[in-house]
Amino acid sequence: MGNENNGIHRAKIWQIFGFSLNNVATNMYLWLMTFIAYFLTGFVGVGVVVASSLVTVMRIWDGVTDPFIGYIVDKTNGRFGKNRPFVVIGQLIMICMSAIMFFLVPSVPKAGRFVVFIIFYAIYIVGYTLQCVVTKSAQTCLTNDPKQRPLLSVFLGLGNAIFFAAMPYYSYTFLLKKHNYAFSRAFFAEHWLFCVVFSAILSVIVIISLIEKDRKEYFGIGGVSKVSFKDYLEIIKNNRAIQMLVISASTDKLATQTKSDATITLIVYGIVCGNAAVSGVLNAYTIIPNIIFIIFISGWISAKFGQKRSMVIGSWGALFSCVALIALFVIGNPRTLSLPGDGVFSGWSVFTVLFLLLTILFNGFNTVNGNVVITMTADCADYEVYRSGKYVPGMIGTLFSFVDKLISSLASTIVGLMCAIIGFASALPTAQTPYSTKLFVVGMIGMYGLVLIGLICNLVAMKFYPLNKEKMNEIQQEIAEIKAKNQVA
């Protein structure tokens, strides 16, 4: 399956699955860092707004490093390939820096603790970016078959569905409960160990999966392109596909980051609903429907009608179910929300049934959007080869990430500012904080309000996104001709 046929090269199924785990490997660290504001306020000694702002600044730094790392990836073609070295180096940096942050920084004298934390956090971000870039860069050498590429989207979706069902249960229902709902040193130590070990194991699988395909004969032009930093400006100016995808994905990512923020989760489920444990078991009820959505829309529809069509269908479905969920919280009684397995289940209320049904629809459609956008970056990279003759998957992937991270970096600041405005400037709300209308409004904006804005941006961006199924078939034929010319030369 790895051999070329008329310019099309395919990967083995196990290779696509194994490579998709790179997204889960980096998400382990992303999830670990969603609790960093609590660590900063509890053990580094900073206020809520400062803690939230630091997370924002570090995410901007994450975006700033992207173009440089993308440039290095596109210039790389050594003994161990273009992508595999970045998995190894990124993983080692994240392990070392996160260990220092969680275990050594709290022992530093208080006067210099915050500064020391910032330094090691900044280095950690570089490692995170190094491994993340591979998820987008290596897609193009893994397979360029328009019918097979959506399979990667399916595997990415399955991985995310299982991950985001298991981790809330582990973190909130099991681990936080084990530590008496306190973000203690013991909580962070156990959380860190679990995430680091799991991420390292997955990264080994990723490296094995890329060994056969991470070679120059599978690169878009059959070799390494001559690139410079000015190519970024040219891509931004003329690659309409990546322009529209950035608009769509960055607004979605801002909404997703805010929605998954630990503070928003505790406000909605712990304070508004009065049942913090339900957040840990909720995804267990939605995982099977999510998988069905992923296979049908991300897989079958993408392969048959193109990835653009999947994005449009997912956005419309998520938009309608999101509006319905907001209406349910306003009209219904969220204090009756309880599910079997949360430890306090007392029966199926009307709110619980409607909430579960709408959440299944919302998560299913929204999951499609989050996963298909990753494989759409590979289409954008192929479009750049077609448009300019340059194979720059690193630049395309990190250009996408750069803008995406700059915008989504606002999530922690938005949450921190909203909390500070309603009176939580020195300490964040917890599950024991009394209910108030102000907290309800903050919870709804964080959980669903920004999502609506992102979905509307998706639909507008897809109106101008040029890469439908027919266009991608044309692009692959043109790339095959470019590669053939290069090989003859």
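The analysis underlying the following values was restricted to heavy atoms, covering all of them including side chains, and did not include hydrogens, waters or symmetry mates.
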**Item:** Residue pairs fulfilling salt bridge (charged side-chain N to carboxylate O under 4.0 Å, His left out) with at least one residue in residues 21-39, sequence neighbours excluded
**Value:** none

**Request:** Identify the residue among L158, I287, V24 that makes a side chain to side chain contact (heavy atoms under 4.5 Å, CB included) with F163.
**Result:** V24

**Request:** State, with a plain yes or no, whether a side-chain heavy atom of Y29 is found less than 4.5 Å away from one of C195.
**Result:** no

**Prompt:** Counting distance only, does the side-chain N/O of S315 pair as donor-acceptor with the main-chain N or O of V312 below 3.5 Å?
**Reply:** no

Return all side-chain donor-acceptor pairs below 3.5 angstrom for residues 33-41, not counting sequence neighbours, or 'none' if the list is empty.
from: T34; atom 1: OG1; to: W31; atom 2: O; distance (Å): 2.6
from: Y38; atom 1: OH; to: P429; atom 2: O; distance (Å): 3.4
from: T41; atom 1: OG1; to: A37; atom 2: O; distance (Å): 3.1
from: T41; atom 1: OG1; to: Y38; atom 2: O; distance (Å): 3.2

**Message:** Can a donor-acceptor pair be found, under 3.5 Å and without considering hydrogens, that links the side chain of K213 to the backbone of T140?
**Reply:** no

**Item:** N22/L210 under side chain to side chain contact (heavy atoms under 4.5 Å, CB included): CA gap, chis, key distance, verdict
**Value:** CA-CA 11 Å; N22 194 61; L210 284 175; over 6 Å; no

**Pairs involving residues 152-171, ordered by first then second residue, that meet salt bridge (charged side-chain N to carboxylate O under 4.0 Å, His left out) (sequence neighbours left out)** = none

**Message:** Would the distance check show the side chain of Q15 and the main-chain N or O of L142 forming a donor-acceptor pair, the cut-off being under 3.5 Å?
**Reply:** no

**Asked** Does F365 reach the side chain of L455, with side-chain heavy atoms less than 4.5 Å apart?
**Response** no

**Polar side-chain atom of Q139 near backbone of T135 as donor-acceptor pair, under 3.5 Å** = yes

**Message:** Evaluate N458 against M311 for side chain to side chain contact (heavy atoms under 4.5 Å, CB included), listing each step before the verdict.
**Reply:** CA-CA 8 Å; N458 285 356; M311 175 68 81; 4.0 Å; yes

**Prompt:** Do side-chain atoms of D382 reach the backbone of I475 as a donor and acceptor pair under 3.5 angstrom?
**Reply:** no

**Request:** Please tell me if the side chains of I396 and K136 come closer than 4.5 Å, counting only heavy atoms from C-beta onward.
**Result:** no

**Request:** Side-chain contact test, heavy atoms from C-beta onward, threshold under 4.5 Å: evaluate it for K471 versus Y386 and give yes or no.
**Result:** yes

**Item:** Any side-chain heavy-atom pair of L54 and F117 under 4.5 Å
**Value:** yes

Report, one line per pair, each donor and acceptor closer than 3.5 Å where one atom sits in a side chain of residues 88-101; sequence neighbours left out.
from: Q91; atom 1: OE1; to: S199; atom 2: OG; distance (Å): 3.3
from: Q91; atom 1: OE1; to: A200; atom 2: N; distance (Å): 3.3
from: Q91; atom 1: NE2; to: Q131; atom 2: OE1; distance (Å): 2.8
from: Q91; atom 1: NE2; to: S199; atom 2: OG; distance (Å): 3.4
from: Q91; atom 1: NE2; to: S203; atom 2: OG; distance (Å): 3.0
from: S98; atom 1: OG; to: M94; atom 2: O; distance (Å): 2.6
from: S98; atom 1: OG; to: I95; atom 2: O; distance (Å): 3.2
from: S98; atom 1: OG; to: W192; atom 2: NE1; distance (Å): 2.8

**Asked** Do S248 side-chain atoms and M244 backbone N/O form a donor-acceptor pair below 3.5 Å?
**Response** no

**Message:** A quick test of your reading: do over 12 heavy atoms of other residues, nucleotides or ligands sit less than 6.0 Å from CZ of F17?
**Reply:** no

**Asked** Given side chains that start at C-beta, do those of M167 and F194 come closer than 4.5 Å, heavy atoms only?
**Response** yes

**Request:** Inspect the surroundings of CZ in F103 and state if more than 12 heavy atoms from other residues, nucleotides or ligands are less than 6.0 Å away.
**Result:** yes

**Message:** Let's go through D379 and L245 carefully: what are the C-alpha distance in whole Å and the side-chain angles of both, what is the deciding distance for side chain to side chain contact (heavy atoms under 4.5 Å, CB included) to 0.1 Å, and is it a yes or a no?
**Reply:** CA-CA 11 Å; D379 288 351; L245 196 61; over 6 Å; no

**N/O donor-acceptor pair under 3.5 Å between K308 side chain and M462 backbone** = yes

**Request:** Give the C-alpha distance, both sets of side-chain angles, the deciding distance and a yes or no for side chain to side chain contact (heavy atoms under 4.5 Å, CB included) between D62 and T65.
**Result:** CA-CA 5 Å; D62 187 6; T65 61; 4.1 Å; yes

**Prompt:** Are the charged groups of K237 and E234 less than 4.0 angstrom apart, N to O?
**Reply:** no

**Asked** Should the pair Y124 and Y121 be assigned to parallel (<30°), tilted (30 to 60°) or perpendicular (>60°) ring geometry?
**Response** tilted

Less than 3.5 Å apart, which donor and acceptor atoms pair up between the side chains of residues 105-115 and the rest of the protein, not counting sequence neighbours?
from: R113; atom 1: NE; to: V108; atom 2: O; distance (Å): 3.0
from: R113; atom 1: NH1; to: F43; atom 2: O; distance (Å): 3.1
from: R113; atom 1: NH2; to: V108; atom 2: O; distance (Å): 3.2

**Message:** Can a side-chain donor-acceptor contact be found between S153 and Q307 if the only test is distance below 3.5 angstrom?
**Reply:** no

**Asked** For F174, which residues count as a ring-ring contact (aromatic ring centres under 6.0 Å, His included) partner, sequence neighbours excluded?
**Response** Y170

**Whether N27 side chain and N23 backbone form a donor-acceptor pair below 3.5 Å** = yes

**Request:** Would you please say whether a donor-acceptor pair under 3.5 Å links the side chains of S137 and N83?
**Result:** yes

